[in-house]
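Heads up, the thing below is written out as structure tokens.
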Amino acid sequence: MGGVNVRQARFVELYLSGMAAGRAYEEAGYESRGEAAVSAASKLLKQEKVMEHLQRLRREQEKDGYLTRQEIRRIRHEMVNDPDVSDSVKRGLLVDEARMMGYNEPEEVDVDLGLADLIGKMRLGSPRGDY
């Protein structure tokens, strides 16, 4: 795998497939989520072994005739702005783009358990002094 571990290799594969870096980091099996994953993914992409693996896979893809992520995004942009392309096709392109970029992922919700406990005690009819 060229000096990268299994998770790093999976991250690079997902990233090259067009997935947003933070989402690829999460899907590769790392524990960080949300903004922490985005930050960690950015750091991971700067590691020498990861960069070399990424560049090696890109060269292989180009040799095999694959389009780069930038080329795919450029083509999508042209199609969305083409007046001859139907609205339903444009909608599909935009939905795919949002999915690839990770925009349609639910945001993490942090629940204050202290408030939940307070509400639970109030519902159970605890005396006022208990909460």
Side-chain angles (χ1 to χ4, degrees):
M1 279 189 284
V4 295
N5 64 38
V6 173
R7 275 194 287 192
Q8 290 169 333
R10 179 71 178 140
F11 165 76
V12 169
E13 289 172 14
L14 293 167
Y15 181 71
L16 278 175
S17 75
M19 189 176 286
R23 182 71 178 140
Y25 189 85
E26 294 172 5
E27 290 293 318
Y30 292 98
E31 292 187 23
S32 297
R33 298 287 178 253
E35 290 301 315
V38 172
S39 177
S42 176
K43 290 176 186 173
L44 187 59
L45 284 169
K46 294 175 185 170
Q47 290 182 9
E48 186 175 349
K49 289 180 181 180
V50 173
M51 284 191 323
E52 289 172 358
H53 187 66
L54 178 65
Q55 290 170 351
R56 186 172 34 261
L57 290 180
R58 279 187 174 152
R59 282 192 301 271
E60 288 175 16
Q61 287 180 346
E62 289 171 5
K63 192 179 350 174
D64 292 339
Y66 286 90
L67 295 172
T68 66
R69 181 172 53 168
Q70 289 80 12
E71 290 169 330
I72 292 169
R73 294 190 75 204
R74 180 188 51 77
I75 293 167
R76 286 176 181 275
H77 179 77
E78 290 173 0
M79 291 178 71
V80 166
N81 290 304
D82 186 340
D84 295 330
V85 174
S86 73
D87 287 342
S88 63
V89 169
K90 290 178 183 182
R91 191 170 24 262
L93 290 167
L94 293 172
V95 167
D96 285 347
E97 179 77 11
R99 181 188 49 75
M100 284 176 32
M101 299 301 292
Y103 293 146
N104 58 343
E105 295 299 317
E107 292 187 24
E108 186 175 327
V109 177
D110 187 20
V111 177
D112 181 1
L113 295 179
L115 180 59
D117 287 341
L118 175 64
I119 292 170
K121 287 180 181 179
M122 291 173 69
R123 286 187 176 155
L124 293 174
S126 297
R128 214 173 236 285
D130 289 349
Y131 51 84

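Computed from heavy atoms alone, side chains included, the values below leave out hydrogens, waters and symmetry copies. Along the sequence shown, residues carry numbers from 1.
When all heavy atoms of Val85 and Lys90 are compared, the closest pair comes out as O-CE, 3.2 Å. Nearest heavy-atom pair across Tyr15 and Ala24 is N-CB, 3.9 Å.
Side chain of Arg7 to backbone of Val4: no donor-acceptor contact under 3.5 angstrom is found. At least one donor-acceptor pair under 3.5 Å links the side chain of Glu26 to the backbone N or O of Gly34.
Listed by chain and residue number, Arg74 satisfy the side chain to side chain donor-acceptor pair (under 3.5 Å) test with Glu78 (two or more places apart in sequence, or in another chain). Contacts of Val80 classified as side-chain contact (heavy atoms from CB on, under 4.5 Å), with partners at least two apart in sequence or in another chain: Leu93, Leu94. With sequence neighbours left out, Glu97 forms a side chain to side chain donor-acceptor pair (under 3.5 Å) with Arg73. Under the side chain to side chain donor-acceptor pair (under 3.5 Å) criterion, Asn81 pairs with His77, sequence neighbours left out. Gln47 is linked by a side chain to side chain donor-acceptor pair (under 3.5 Å) to Gln8, counting only residues two or more places apart in sequence or in another chain.
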Determine whether Lys49 and Glu52 satisfy the following criterion, salt bridge (Lys or Arg N to Asp or Glu O under 4.0 Å), listing intermediate values before the conclusion. CA-CA 5 Å; Lys49 289 180 181 180; Glu52 289 172 358; over 6 Å; no
Step-by-step salt bridge (Lys or Arg N to Asp or Glu O under 4.0 Å) determination, Glu27 to Arg23: CA-CA 6 Å; Glu27 290 293 318; Arg23 182 71 178 140; 2.7 Å; yes
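Aromatic ring orientation, Tyr30 versus Tyr25: parallel (interplanar angle below 30°, classes split at 30° and 60°).
Legend: ring pair (Phe, Tyr, Trp, His ring centres under 6.0 Å) pairs involving residues 79-102, not counting sequence neighbours: none detected.
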Using a 3.5 Å cut-off and no angle test, enumerate the donor-acceptor pairs between side-chain atoms of residues 35-46 and protein atoms at least two apart in sequence or in another chain.
none

